[in-house]
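Worksheet: one structure, shown below.
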Amino acid sequence: MTMLLDRPIWSALITRHAALAVGDGRARRYQLGILPFAASTDDDPQAIADLAELASPGETLLFLQADPVVAPAGFAVVTTAPAVQMIAAAVPSPLPDDAIVPLGIADAEEMLTLATLTKPGPFSLRSLDLGRFWGVREGGRLVAMAGERMKQPGYTELSGVCTHPDHRGRGYARRLSLYVAARIIEAGDRPYLHAYASNAAAVALYEAIGFTLRCPMYVAALQKPAD
(Lines give C-alpha, C1' and ligand atoms only; values in the text may rest on other atoms or scores of the structure.)
Protein backbone atom coordinates (compact mmCIF):
# COMPACT_ATOMS: atom_id res chain seq x y z
CA MET A 1 0.00 0.00 0.00
CA THR A 2 2.86 2.41 0.73
CA MET A 3 3.71 2.21 -2.99
CA LEU A 4 1.12 4.98 -3.27
CA LEU A 5 3.81 7.19 -1.75
CA ASP A 6 6.47 6.42 -4.38
CA ARG A 7 4.82 9.03 -6.60
CA PRO A 8 2.81 10.94 -4.00
CA ILE A 9 1.81 13.77 -6.34
CA TRP A 10 0.34 11.37 -8.87
CA SER A 11 -1.46 9.21 -6.30
CA ALA A 12 -2.94 12.28 -4.58
CA LEU A 13 -4.20 13.73 -7.87
CA ILE A 14 -5.97 10.53 -8.91
CA THR A 15 -7.55 9.90 -5.50
CA ARG A 16 -8.30 12.31 -2.67
CA HIS A 17 -7.15 15.44 -4.52
CA ALA A 18 -8.69 14.50 -7.87
CA ALA A 19 -11.03 17.51 -7.64
CA LEU A 20 -7.95 19.78 -7.57
CA ALA A 21 -6.30 18.17 -10.59
CA VAL A 22 -5.76 19.32 -14.15
CA GLY A 23 -5.15 16.69 -16.81
CA ASP A 24 -6.22 13.14 -17.39
CA GLY A 25 -4.75 10.07 -18.95
CA ARG A 26 -1.22 9.50 -17.74
CA ALA A 27 -0.24 12.91 -16.34
CA ARG A 28 -1.76 15.41 -13.94
CA ARG A 29 -0.92 18.59 -12.09
CA TYR A 30 -2.53 20.72 -9.40
CA GLN A 31 -4.74 23.56 -10.54
CA LEU A 32 -2.95 26.83 -11.24
CA GLY A 33 -2.74 28.83 -8.03
CA ILE A 34 -2.66 25.85 -5.65
CA LEU A 35 0.70 24.10 -6.10
CA PRO A 36 3.17 23.88 -9.01
CA PHE A 37 3.32 20.08 -8.47
CA ALA A 38 2.96 17.71 -11.43
CA ALA A 39 3.47 13.99 -12.03
CA SER A 40 2.97 11.17 -14.47
CA THR A 41 1.92 7.63 -13.74
CA ASP A 42 5.26 6.32 -15.07
CA ASP A 43 8.08 7.23 -17.46
CA ASP A 44 6.49 5.85 -20.62
CA PRO A 45 7.11 8.27 -23.53
CA GLN A 46 3.38 8.99 -23.87
CA ALA A 47 3.09 9.79 -20.17
CA ILE A 48 6.03 12.20 -20.39
CA ALA A 49 4.52 13.80 -23.50
CA ASP A 50 1.21 14.22 -21.67
CA LEU A 51 3.10 15.85 -18.80
CA ALA A 52 4.69 18.38 -21.14
CA GLU A 53 1.25 19.48 -22.36
CA LEU A 54 0.20 20.45 -18.83
CA ALA A 55 2.74 23.27 -18.49
CA SER A 56 2.32 26.75 -19.94
CA PRO A 57 5.23 28.21 -21.96
CA GLY A 58 7.92 29.39 -19.57
CA GLU A 59 6.27 27.76 -16.54
CA THR A 60 8.29 25.82 -13.96
CA LEU A 61 6.75 22.68 -12.46
CA LEU A 62 7.95 20.75 -9.42
CA PHE A 63 8.32 16.98 -9.21
CA LEU A 64 8.76 14.73 -6.17
CA GLN A 65 9.10 10.97 -6.48
CA ALA A 66 11.08 7.90 -5.44
CA ASP A 67 12.64 7.33 -8.85
CA PRO A 68 14.70 9.79 -10.93
CA VAL A 69 12.66 12.47 -12.65
CA VAL A 70 12.57 12.27 -16.44
CA ALA A 71 12.35 15.71 -18.07
CA PRO A 72 10.05 16.12 -21.09
CA ALA A 73 11.84 17.00 -24.31
CA GLY A 74 13.00 20.61 -24.34
CA PHE A 75 12.37 21.25 -20.64
CA ALA A 76 15.21 22.91 -18.73
CA VAL A 77 16.31 21.42 -15.41
CA VAL A 78 16.19 24.42 -13.05
CA THR A 79 17.14 22.60 -9.85
CA THR A 80 17.45 19.09 -8.49
CA ALA A 81 17.96 17.94 -4.91
CA PRO A 82 17.92 14.73 -2.89
CA ALA A 83 15.18 14.45 -0.31
CA VAL A 84 13.81 11.89 2.11
CA GLN A 85 10.31 10.64 2.75
CA MET A 86 9.52 9.81 6.38
CA ILE A 87 6.47 8.08 7.82
CA ALA A 88 5.04 7.39 11.28
CA ALA A 89 2.80 4.65 12.59
CA ALA A 90 2.38 6.47 15.91
CA VAL A 91 3.60 9.61 17.63
CA PRO A 92 3.75 10.59 21.32
CA SER A 93 0.47 12.03 22.56
CA PRO A 94 0.88 15.80 22.50
CA LEU A 95 0.26 17.67 25.70
CA PRO A 96 -2.69 20.08 25.75
CA ASP A 97 -1.48 23.23 24.01
CA ASP A 98 -3.81 26.21 24.09
CA ALA A 99 -1.35 28.23 22.01
CA ILE A 100 -2.09 26.12 18.92
CA VAL A 101 -5.19 27.34 17.06
CA PRO A 102 -6.86 26.30 13.79
CA LEU A 103 -6.25 28.55 10.78
CA GLY A 104 -8.79 29.36 8.10
CA ILE A 105 -9.51 31.49 5.06
CA ALA A 106 -9.32 34.69 7.11
CA ASP A 107 -5.70 33.80 7.94
CA ALA A 108 -4.61 32.97 4.38
CA GLU A 109 -2.81 36.24 3.61
CA GLU A 110 -0.87 36.08 6.87
CA MET A 111 -0.03 32.40 6.27
CA LEU A 112 1.30 33.24 2.81
CA THR A 113 3.43 36.05 4.24
CA LEU A 114 4.95 33.69 6.80
CA ALA A 115 5.56 30.97 4.21
CA THR A 116 7.13 33.45 1.76
CA LEU A 117 9.54 34.55 4.48
CA THR A 118 10.47 31.09 5.78
CA LYS A 119 10.17 28.97 2.59
CA PRO A 120 8.84 25.66 3.98
CA GLY A 121 7.94 24.56 0.44
CA PRO A 122 5.43 25.63 -2.20
CA PHE A 123 2.60 27.60 -0.59
CA SER A 124 -0.25 29.72 -1.94
CA LEU A 125 -3.42 31.47 -0.89
CA ARG A 126 -5.22 28.25 -1.84
CA SER A 127 -3.10 25.91 0.29
CA LEU A 128 -6.05 25.58 2.65
CA ASP A 129 -7.82 23.72 -0.18
CA LEU A 130 -5.37 20.88 0.44
CA GLY A 131 -6.11 20.24 4.11
CA ARG A 132 -6.19 21.59 7.63
CA PHE A 133 -3.68 24.04 9.14
CA TRP A 134 -2.88 25.16 12.65
CA GLY A 135 -0.72 27.97 13.97
CA VAL A 136 0.64 29.87 16.96
CA ARG A 137 0.17 33.59 17.47
CA GLU A 138 2.12 35.96 19.66
CA GLY A 139 0.71 39.41 20.24
CA GLY A 140 -1.92 38.63 17.64
CA ARG A 141 0.72 37.92 14.98
CA LEU A 142 1.06 34.51 13.29
CA VAL A 143 4.58 33.31 14.16
CA ALA A 144 4.46 29.57 13.38
CA MET A 145 2.28 27.07 11.52
CA ALA A 146 2.01 23.56 10.13
CA GLY A 147 -0.64 21.63 8.27
CA GLU A 148 -1.64 19.02 5.72
CA ARG A 149 -0.73 18.87 2.04
CA MET A 150 -1.01 15.80 -0.21
CA LYS A 151 -3.52 13.07 0.62
CA GLN A 152 -3.84 9.48 -0.54
CA PRO A 153 -6.13 6.69 0.71
CA GLY A 154 -4.93 6.05 4.24
CA TYR A 155 -2.21 8.71 4.20
CA THR A 156 -1.90 12.46 4.79
CA GLU A 157 1.26 14.50 4.36
CA LEU A 158 2.45 16.78 7.16
CA SER A 159 3.80 19.95 5.56
CA GLY A 160 4.18 23.72 5.77
CA VAL A 161 6.08 23.58 9.07
CA CYS A 162 7.64 26.99 9.62
CA THR A 163 8.49 29.54 12.31
CA HIS A 164 9.20 33.25 11.96
CA PRO A 165 12.97 33.87 12.39
CA ASP A 166 12.31 36.17 15.35
CA HIS A 167 10.51 33.39 17.23
CA ARG A 168 12.72 30.37 16.66
CA GLY A 169 14.21 28.38 19.53
CA ARG A 170 10.89 28.09 21.36
CA GLY A 171 9.97 24.61 20.17
CA TYR A 172 7.15 25.67 17.87
CA ALA A 173 8.21 23.41 14.99
CA ARG A 174 8.26 20.35 17.24
CA ARG A 175 5.00 21.22 18.99
CA LEU A 176 3.14 21.91 15.75
CA SER A 177 4.57 18.88 13.93
CA LEU A 178 3.56 16.61 16.79
CA TYR A 179 0.13 18.22 17.02
CA VAL A 180 -0.61 17.89 13.29
CA ALA A 181 0.70 14.32 13.13
CA ALA A 182 -1.54 13.40 16.05
CA ARG A 183 -4.56 14.99 14.35
CA ILE A 184 -3.83 13.02 11.17
CA ILE A 185 -3.68 9.75 13.12
CA GLU A 186 -6.83 10.72 15.01
CA ALA A 187 -8.59 11.12 11.65
CA GLY A 188 -7.61 7.56 10.68
CA ASP A 189 -4.65 8.27 8.38
CA ARG A 190 -0.95 7.60 8.65
CA PRO A 191 1.18 10.76 8.59
CA TYR A 192 4.17 11.12 6.29
CA LEU A 193 6.38 14.03 5.28
CA HIS A 194 9.26 15.14 3.09
CA ALA A 195 12.48 16.94 3.95
CA TYR A 196 15.60 17.79 2.03
CA ALA A 197 18.25 15.17 2.76
CA SER A 198 20.68 17.97 3.64
CA ASN A 199 18.39 19.36 6.36
CA ALA A 200 19.78 17.31 9.23
CA ALA A 201 18.04 19.41 11.89
CA ALA A 202 14.59 18.81 10.39
CA VAL A 203 15.23 15.09 9.94
CA ALA A 204 16.38 14.81 13.57
CA LEU A 205 13.29 16.65 14.78
CA TYR A 206 10.96 14.34 12.89
CA GLU A 207 12.82 11.26 14.11
CA ALA A 208 12.41 12.51 17.67
CA ILE A 209 8.61 12.52 17.36
CA GLY A 210 8.30 9.08 15.80
CA PHE A 211 8.95 9.41 12.07
CA THR A 212 11.29 6.96 10.33
CA LEU A 213 12.85 6.97 6.89
CA ARG A 214 10.67 5.30 4.26
CA CYS A 215 12.79 6.00 1.19
CA PRO A 216 15.04 8.54 -0.54
CA MET A 217 13.22 10.89 -2.92
CA TYR A 218 14.11 12.98 -5.94
CA VAL A 219 13.06 16.63 -6.21
CA ALA A 220 13.29 18.50 -9.51
CA ALA A 221 12.11 21.83 -10.88
CA LEU A 222 11.65 21.71 -14.65
CA GLN A 223 10.85 24.67 -16.87
CA LYS A 224 8.99 24.49 -20.17
CA PRO A 225 10.54 26.57 -22.95
CA ALA A 226 8.91 29.91 -23.60
CA ASP A 227 7.25 30.36 -26.97
Side-chain angles (χ1 to χ4, degrees), residues 1-87 119-131 147-160 184 189-198 213-227:
M1 189 67 173
T2 53
M3 287 180 65
L4 282 171
L5 304 184
D6 287 351
R7 293 200 178 205
I9 299 171
W10 173 256
S11 59
L13 289 172
I14 63 170
T15 59
R16 295 172 68 187
H17 279 170
L20 305 177
V22 173
D24 50 24
R26 307 186 67 173
R28 294 194 179 191
R29 61 170 292 174
Y30 277 93
Q31 294 171 9
L32 193 65
I34 300 181
L35 287 176
F37 280 178
S40 58
T41 183
D42 54 32
D43 295 332
D44 178 87
Q46 186 57 57
I48 300 302
D50 289 349
L51 196 56
E53 293 301 315
L54 296 177
S56 301
E59 184 180 15
T60 298
L61 295 177
L62 299 181
F63 300 80
L64 172 67
Q65 57 194 51
D67 45 325
V69 178
V70 176
F75 275 57
V77 179
V78 179
T79 59
T80 61
V84 294
Q85 185 181 89
M86 305 179 73
I87 194 165
K119 297 178 172 57
F123 198 89
S124 74
L125 288 174
R126 292 189 61 191
S127 287
L128 282 161
D129 290 355
L130 302 170
E148 302 170 339
R149 191 166 63 180
M150 292 183 284
K151 294 174 181 281
Q152 298 81 14
Y155 301 94
T156 293
E157 182 191 19
L158 163 63
S159 186
I184 291 170
D189 282 352
R190 191 170 180 184
Y192 73 101
L193 56 84
H194 298 97
Y196 284 110
S198 60
L213 175 67
R214 177 180 173 265
C215 68
M217 299 289 281
Y218 292 86
V219 178
L222 306 179
Q223 185 178 40
K224 185 171 184 174
D227 282 345

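As a basis for the values below, the full set of heavy atoms in this structure was taken, side chains included, without hydrogen atoms, waters or symmetry mates.
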Non-hydrogen atoms of [X] and [Y] that approach each other most closely:
X      : Y      : result
Gly25  : Trp10  : O-CH2, 3.4 Å
Thr80  : Ala220 : CG2-CB, 4.1 Å
Asp43  : Pro68  : OD2-O, 4.2 Å
Pro72  : Leu222 : CD-CD1, 4.0 Å
Ala21  : Arg28  : CB-CD, 4.0 Å
Glu148 : Gly131 : OE1-CA, 3.6 Å

From CA spacing to verdict: side-chain contact (heavy atoms from CB on, under 4.5 Å), Arg26, Ser40: CA-CA 6 Å; Arg26 307 186 67 173; Ser40 58; 5.6 Å; no
With rounding to the nearest 0.5 angstrom, report the [atom1] to [atom2] distance, [X] to [Y].
X     : Y      : atom1 : atom2 : value
Leu5  : Met150 : CG    : CE    : 9.0 Å
Leu54 : Asp24  : CG    : CG    : 8.5 Å
Gln46 : Leu51  : CD    : CG    : 11.5 Å
Glu59 : Phe75  : CD    : CZ    : 8.5 Å
Leu64 : Tyr218 : CG    : OH    : 12.5 Å

Going through the checks in order, is the side-chain contact (heavy atoms from CB on, under 4.5 Å) test met by Val219 and His194? CA-CA 10 Å; Val219 178; His194 298 97; over 6 Å; no
Are any of the side-chain nitrogens in Asp42 or Arg7 under 4.0 Å away from the carboxylate oxygens of its partner? no
Between Arg214 and Asp6, does any side-chain N to carboxylate O distance fall below 4.0 Å? yes
Using a 3.5 Å distance criterion without hydrogens, assess whether the side chain of Gln152 forms a donor-acceptor pair with backbone atoms of Pro8. yes
Can any side-chain N or O of Thr156 pair as donor or acceptor with the backbone N or O of Lys151 at less than 3.5 Å? no
Would you call [X] and [Y] a side-chain contact if the rule is heavy atoms closer than 4.5 Å?
X      : Y      : value
Ser11  : Tyr155 : no
Asp129 : Gln31  : no
Ser56  : Lys224 : no
Leu13  : Tyr30  : yes

With a cut-off of 6.0 Å (strictly less than), are more than 12 heavy atoms of other residues, nucleotides or ligands near CG of Leu125? yes
Gln65/Ile9 under side-chain contact (heavy atoms from CB on, under 4.5 Å): CA gap, chis, key distance, verdict: CA-CA 8 Å; Gln65 57 194 51; Ile9 299 171; over 6 Å; no
Qualifying residue for side chain to side chain contact (heavy atoms under 4.5 Å, CB included) with Leu130, from His17, Glu157, Arg16: His17
